[in-house]
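Here is the structure we will look at.
All residue numbers in this chain count up from 1 along the given sequence.
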Amino acid sequence: MEPTSTEKNINRKKKDDSFLQLLLWVPTTPLSATHIHISNFPMARAYFYIGSATATSTPLSSSPFRHRKLPAHNHRSSPPLRSSTNTTTPLTMSDQPTPHPSLEVIGGARDSFLPALTSLHTPYHPYPFIAWNRHVETIFAAFFRSLPDIKFRRECLRTKDNGTVALDWVSGDRTRLSAVAPVLILLPGLTGGSQDSYVRHMLVRARSKGWRVVVFNSRGCGKSPVTTPQFYSASFLGDMSEVVALVNNRYPKANVYAVGWSLGANILVRYLGQESRSCVLSGAVSLCNPFNLVIADEDFRKGFNIVYDKSLANGLCKIFTEHAPLFEEMDGEYNISAAANAKSVREFDEALTRVSFGFKSVDDYYSNSSSSDSIKNVCIPLLCIQAANDPIAPSRGIPREDIKANSNCLLIVTPKGGHLGWVAGGEAPRGAPWTDPPVMEFLEHLERAAACSSVGSGGLQHVEASLY
């Protein structure tokens, strides 16, 4: 029987969809110098977005992948990929993969990165009972999330000002992994370190993918020694710069990435903005970032948040008390007694932090240390994930407009999650947080794109490319 016009349209649509799927997949193996044909490559699960809603080519010099180190291959110079200026049908907005409506996904890099984040296509399902309240979820994750057993090898880095930070590498990875294995630097939140469950879960996931991981324990955190009368702060980027330089110099053939949580995320984003086009990192992820510290401070002193405030202040006071003799002979406005007995983070910052880093007041410190002002200067791929009900990193502090305007940035906001909670997904309630899969999808997408861009002596000339 002759197919009807409706059946013909359906069949044509299926063929178009199949062709579109083909365009959204690229090989992860290097191209041969003598055979460059799409049929030579397995349809590996490696996403690389081709085409855009505007149908414009993006030169490599202005793309999010321009800073990427290129992995070394044994093949000799292969011919460069041919531009698909007139051969690839541009994708329309209806063709774009869309995230589930339960998630807010925005950013200038939305169309570039969204196809790689397959975990966003399913609804965000907070775990029953635990996630009904943001404080319950935050506390449950902090005290009852499983703690992966990891054996670390500690390296103490003496900084230029004679301070000390502790770098925790996974024991055995120095010889087990190759020199080109991608490196991931993890920055925990305020008073956090390699002992925290959310840090270890991310480490385990990355390591299972063949990544080399190191936890950056700031001064006094994670039992890192304090050797000078100065802690770390939201404003100080010197330690971050030295850690990145050390890792980059030690593994010059590897791409280096970073993931930060809470205050660690604020420091990371400020570092990205400071380095701007000179940043040697190949990509970064910010989680639970307070962004605007003035707004965060306002909310921190309201309602149940006072419990978190006191808990973090106690942690800061404990670290300070252990090293108080270093500060006893300091001149200036230091208030040693107030710092040792602070009942809130604000009191501690007023007595010690803002003095150590030269700010006139604690409000001056907060307003000049917020990473919300740095987003516009970020020039490498950056994924930001926030929870709409985060009690410590308020949603109203997110610099949404700057993220939308930056072609390197993508923002995901979940409806629930608390602070460092995200008790949802397949491993809930005691396993890894919901954020770990999309974070790893994002990082692996960047690493695959780096491998693809190394193909051919001419490299990847345009983001839109076709294989022959």
Side-chain angles (χ1 to χ4, degrees), residues 98-106 114 117-148 186 188-192 195-205 259-266 285-291 295-296 299-312 383-398 400 410-442:
T98 57
H100 192 270
S102 60
L103 302 167
E104 176 189 356
V105 183
I106 62 174
L114 190 56
L117 306 182
T118 57
S119 57
L120 304 187
H121 301 160
T122 56
Y124 182 88
H125 283 309
Y127 196 80
F129 305 112
I130 294 172
W132 71 275
N133 178 279
R134 62 181 182 170
H135 301 301
V136 172
E137 185 170 12
T138 299
I139 294 171
F140 178 89
F143 290 97
F144 300 105
R145 176 166 278 148
S146 62
L147 184 67
L186 304 182
L190 182 63
T191 73
Q195 75 279 1
D196 291 321
S197 61
Y198 63 88
V199 173
R200 293 197 179 193
H201 276 287
M202 186 71 253
L203 184 153
V204 168
R205 186 174 297 269
V259 173
W261 292 264
S262 197
L263 186 65
N266 187 82
V285 180
S286 163
L287 301 159
C288 287
N289 191 340
F291 280 116
I295 292 177
D299 285 15
F300 213 34
R301 292 175 280 142
K302 298 177 182 177
F304 192 84
N305 282 5
I306 295 174
V307 174
Y308 307 129
D309 195 7
K310 289 183 177 179
S311 176
L312 289 171
L383 171 64
C384 302
I385 308 182
Q386 304 284 124
N389 69 344
D390 192 320
I392 296 176
S395 179
R396 62 193 178 97
I398 301 172
R400 284 178 167 82
L410 178 67
L411 169 68
I412 302 169
V413 182
T414 59
K416 294 182 181 294
H419 189 70
L420 300 175
W422 283 302
V423 184
E427 297 186 39
R430 300 192 70 245
W434 175 90
T435 50
D436 282 10
V439 167
M440 207 64 231
E441 287 171 352
F442 175 75

field: Contact check, side chains of Asp390 and Cys288, non-hydrogen atoms, under 4.5 Å
entry: yes
His201 side chain near Arg145 side chain, heavy-atom distance below 4.5 Å: yes
Point-to-point distance, once rounded to the nearest 0.5 Å, from CG of Leu117 to CG of Leu410: 6.5 Å
message: Just verifying a value: how many Å separate Phe442 CZ and Ile412 CD1, rounded to the nearest 0.5 Å?
response: 9.0 Å
- line: Sorted by chain and residue number, the side chain to side chain donor-acceptor pair (under 3.5 Å) partners of Thr138 (sequence neighbours excluded) come out as none
Side chain to side chain donor-acceptor pair (under 3.5 Å) against Asn266, all qualifying residues, sequence neighbours excluded: Ser371
Heavy-atom pair of closest approach, residues Ala388 and Val413: N-CG1, 3.7 Å
- line: Note: Pro429 and Phe140 closest approach over all heavy atoms is O-CE2, 3.3 Å
- prompt: Which residues pass the salt bridge (Lys or Arg N to Asp or Glu O under 4.0 Å) test with Arg400, sequence neighbours left out?
  reply: Glu104
Nearest non-hydrogen partners of Pro99 and Leu114, listed with the distance: CD-CD2, 3.5 Å
field: Gap separating the NE2 atom of His419 from the CD1 atom of Ile139, nearest 0.5 angstrom
entry: 12.5 Å
- request: Report yes if the side chains of Leu411 and Ile398 come closer than 4.5 Å at any heavy-atom pair, otherwise no.
  value: yes
message: Between Val105 and Thr98, is there a side-chain heavy-atom distance shorter than 4.5 Å?
response: no
Show me, pair by pair, the donor-acceptor contacts under 3.5 angstrom made by side chains of residues 120-132, not counting sequence neighbours?
residue	atom	partner	partner atom	Å
Thr122	OG1	Ser119	O	3.2
Tyr124	OH	Lys416	O	3.3
Trp132	NE1	Phe129	O	2.9

query: Hey, are Gln386 and Ser395 close enough side-chain-wise for a donor-acceptor pair under 3.5 Å?
result: no
- request: Give every residue pair that meets the side-chain hydrogen bond (donor to acceptor under 3.5 Å, both in side chains) criterion with at least one member in residues 426-439, sequence neighbours excluded.
  value: Arg205-Glu427
message: Using the side chain to side chain donor-acceptor pair (under 3.5 Å) criterion, which residues pair with Asn389? Sequence neighbours excluded.
response: none
Closest approach of Ala296 to Pro290 (non-hydrogen atoms, all atoms of both residues): CB-CB, 4.0 Å
message: Any heavy-atom pair between the side chains of Leu147 and Asp196 that's under 4.5 Å?
response: no
task: Keeping to residues at least two apart or across chains, list the side-chain hydrogen bond (donor to acceptor under 3.5 Å, both in side chains) pairs with something in residues 302-311.
output: His135-Tyr308
message: Can a donor-acceptor pair be found, under 3.5 Å and without considering hydrogens, that links the side chain of Glu137 to the backbone of Gly421?
response: no
message: Measuring only between side-chain heavy atoms, which start at C-beta, is Leu287 closer than 4.5 Å to Val439?
response: yes
- prompt: For Trp261, which residues count as a ring-ring contact (aromatic ring centres under 6.0 Å, His included) partner, sequence neighbours excluded?
  reply: Tyr198
task: Quick one: closest heavy-atom pair of Ala265 and Asn289, and the distance?
output: O-ND2, 3.4 Å
- line: Here the gap from Met440 atom CE to Met202 atom CE, rounded to the nearest 0.5 Å, amounts to 5.5 Å
- request: Using a 4.5 Å cut-off on heavy atoms from C-beta on, say whether the side chain of Arg200 contacts that of Ser146.
  value: no
- prompt: Looking at Ile385 and Pro438, what are the two nearest heavy atoms and their distance?
  reply: CD1-CG, 4.5 Å
